[in-house]
Peer 1: 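Dropping a structure here in structure tokens format, bear with me for questions.
Because the structure is a prediction, the values reported are computed rather than measured. Chain letters run A, B, ... following the sequence lines, proteins first and then strands; every chain starts at 1.
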Protein chains: 2
Amino acid sequence: MSSFNPDDTLKLSNQLCFPLYASGKEITRKYKPFLDKLGITYTQYIVLMVLWEKDHVSVKEIGERLYLDSGTLTPLLNKLLSKGYISKKSLPSDNRELIISLTKKGLELKKEAYAIPPQISREVKLTKEEAQELYRLLYKVLEGFKDE
Amino acid sequence: MSSFNPDDTLKLSNQLCFPLYASGKEITRKYKPFLDKLGITYTQYIVLMVLWEKDHVSVKEIGERLYLDSGTLTPLLNKLLSKGYISKKSLPSDNRELIISLTKKGLELKKEAYAIPPQISREVKLTKEEAQELYRLLYKVLEGFKDE
DNA sequence: ACTAAATAAATTGTATACAATCTAATTTTT
DNA sequence: AAAAATTAGATTGTATACAATTTATTTAGT
């Protein structure tokens, strides 16, 4: 019978946080070789994914979708702007809001991105059922964080 | 019957990568208020966790354990050094290796860290079974990445 | 023993992240 | 309507991350 040892709670192997942190970091690293070919980073890629799904959105909405704040998004959007993938214009009805839109070049990049997700999936060694369960649990964690 | 639409693969909601990335980011953010009280960051905390579990390890071993490279660890270890939590000395049998050890202050910090994991667990709205399954799946992802 | 290859950290350069603060614009209160 | 509160982005400062390169040391091959 093993009794409770407070030391155990501080072992990496007993923490959910560490594998979450590490797998998040490692999976984005897996994207790098593919995204390098497109000349964008992972964070730039997910910003474009938001826009590919729904064009003309505010910085605030992008941030809410991706859990990123303006300190990250402002310089990142400037990079996407200078690369010619997006354009900015302020919302006439509320000049505080900055609306981000895809340029033709930004929209065309989507075609090149199609091939990436299946290649990443292949590197994730999970069955379809496991991947679905992981997906469900991760969103449950994320949703749970929103409350407090 | 819905036919396959290549657009769907590029939706955030269809990607495992995004919730991995986001939950990793968000859970470390949850640690911040607790770690602020100790005056350390999340990455510094997991480096200390490695040392609390096994003292006197090389930079390389810390990096392997945490999936971090020297570009991240070197400046971070210098911060822990200047805060007085660790000491450095090179391995006599191989001067390339830098051995990191806890100071008394670094060891004592462990007592203050005990209380943190249970408080984070409380914010993760998963049942014990779900948390275990998530843990298993995340490590399966991480292990799968090691191969290639 | 001597050179080539390999290894461990440090360094350099680029790109996030995010808290905290600031600024401008809009809304709410009074 | 004027003042106060709120909101959206931008800015500032600190701390990761990591690829690529460099340096010092060690090991392997001849």
Peer 1: Which nucleotide sits closest to the side chain of A:Asp69: C:dC18, D:dA15, D:dC18?
Peer 2: C:dC18
Peer 1: Does OP1 or OP2 of C:dA17 have a side-chain N or O of A:Thr43 closer than 4.0 Å?
Peer 2: yes
Peer 1: Can you identify which nucleotide, out of C:dA9, D:dG9, C:dT16, has its nearest atom closest to the B:Lys60 side chain?
Peer 2: C:dA9
Peer 1: With DNA chain C as reference, determine whether A:Leu68 or B:Asn78 sits nearer its 5' end, using the nearest nucleotide of each.
Peer 2: B:Asn78
Peer 1: Roughly, in whole Å, what's the span from CD1 in A:Ile40 to C1' in D:dA19?
Peer 2: 18 Å
Peer 1: To the nearest Å, how far apart are A:Lys89 NZ and D:dA8 P?
Peer 2: 18 Å
Peer 1: Between A:Tyr21 and C:dA17, is there a contact of a side-chain N or O with OP1 or OP2 at under 4.0 Å?
Peer 2: no
Peer 1: Can you tell me the distance, in whole Å, between the CG atom of B:Leu76 and the P atom of D:dT14?
Peer 2: 16 Å
Peer 1: Rounding to an integer number of Å, can you tell me how far B:Asp94 CG sits from C:dA6 C1'?
Peer 2: 12 Å
Peer 1: Are OP1 or OP2 of C:dA15 and a side-chain N or O of A:Thr72 less than 4.0 angstrom apart?
Peer 2: no
Peer 1: Looking only at side-chain N and O atoms, does B:Arg29 come under 4.0 Å of OP1 or OP2 in C:dA17?
Peer 2: no
Peer 1: Counting C-beta onward and ignoring hydrogens, is there a side-chain heavy-atom pair between B:Thr72 and B:Leu66 closer than 4.5 Å?
Peer 2: no
Peer 1: Measure the distance from NZ on A:Lys30 to C1' on D:dA17 and round it to the nearest whole Å.
Peer 2: 16 Å
Peer 1: Using a heavy-atom cut-off of 4.0 Å across all strands, would you classify B:Asn95 as base, sugar-phosphate, or nothing?
Peer 2: sugar-phosphate
Peer 1: Quick check for you: to the nearest 0.5 Å, what is the distance between A:Leu138 atom CG and B:Phe18 atom CZ?
Peer 2: 11.0 Å
Peer 1: Looking at the base of D:dA10, is there any donor atom on it, or on the side chain of A:Ser70, that sits under 3.5 Å from an acceptor on the other one?
Peer 2: yes
Peer 1: Before accepting this row, confirm whether a basic side-chain N of the pair B:Glu108/B:Lys105 lies closer than 4.0 Å to the acidic partner's carboxylate O.
Peer 2: no
Peer 1: Show me the donor-acceptor pairs within less than 3.5 Å that the side chains of residues 41-48 of chain B make with the rest of the protein, sequence neighbours left out.
Peer 2:
from, atom 1, to, atom 2, distance (Å)
B:Thr41, OG1, B:Gln44, N, 3.2
B:Gln44, OE1, B:Thr41, N, 3.4
B:Gln44, OE1, B:Lys83, NZ, 2.7
B:Tyr45, OH, A:Gln15, OE1, 3.4

Peer 1: Toward the 5' end of DNA chain C, which comes first, B:Glu61 or A:Tyr42, by nearest nucleotide?
Peer 2: B:Glu61
Peer 1: Could you check how far CG of B:Leu98 sits from P of D:dT25, rounded to whole Å?
Peer 2: 13 Å
Peer 1: Both A:Lys25 and A:Val59 contact DNA chain D. Taking the nearest nucleotide for each, which residue is further toward the 5' end?
Peer 2: A:Val59
Peer 1: Atom CD1 in A:Ile100, atom CG in A:Leu51: separation rounded to 0.5 Å?
Peer 2: 7.5 Å
Peer 1: Between C:dT7 atom P and B:Glu64 atom CD, what is the distance in whole Å?
Peer 2: 12 Å
Peer 1: Where each residue is assigned the nucleotide of DNA chain D containing its nearest heavy atom, which of A:Arg96 and A:Lys88 is assigned the position nearer the 5′ end?
Peer 2: A:Arg96
Peer 1: Between P on D:dA10 and CG on A:Leu77, what's the gap in Å once rounded to a whole number?
Peer 2: 8 Å
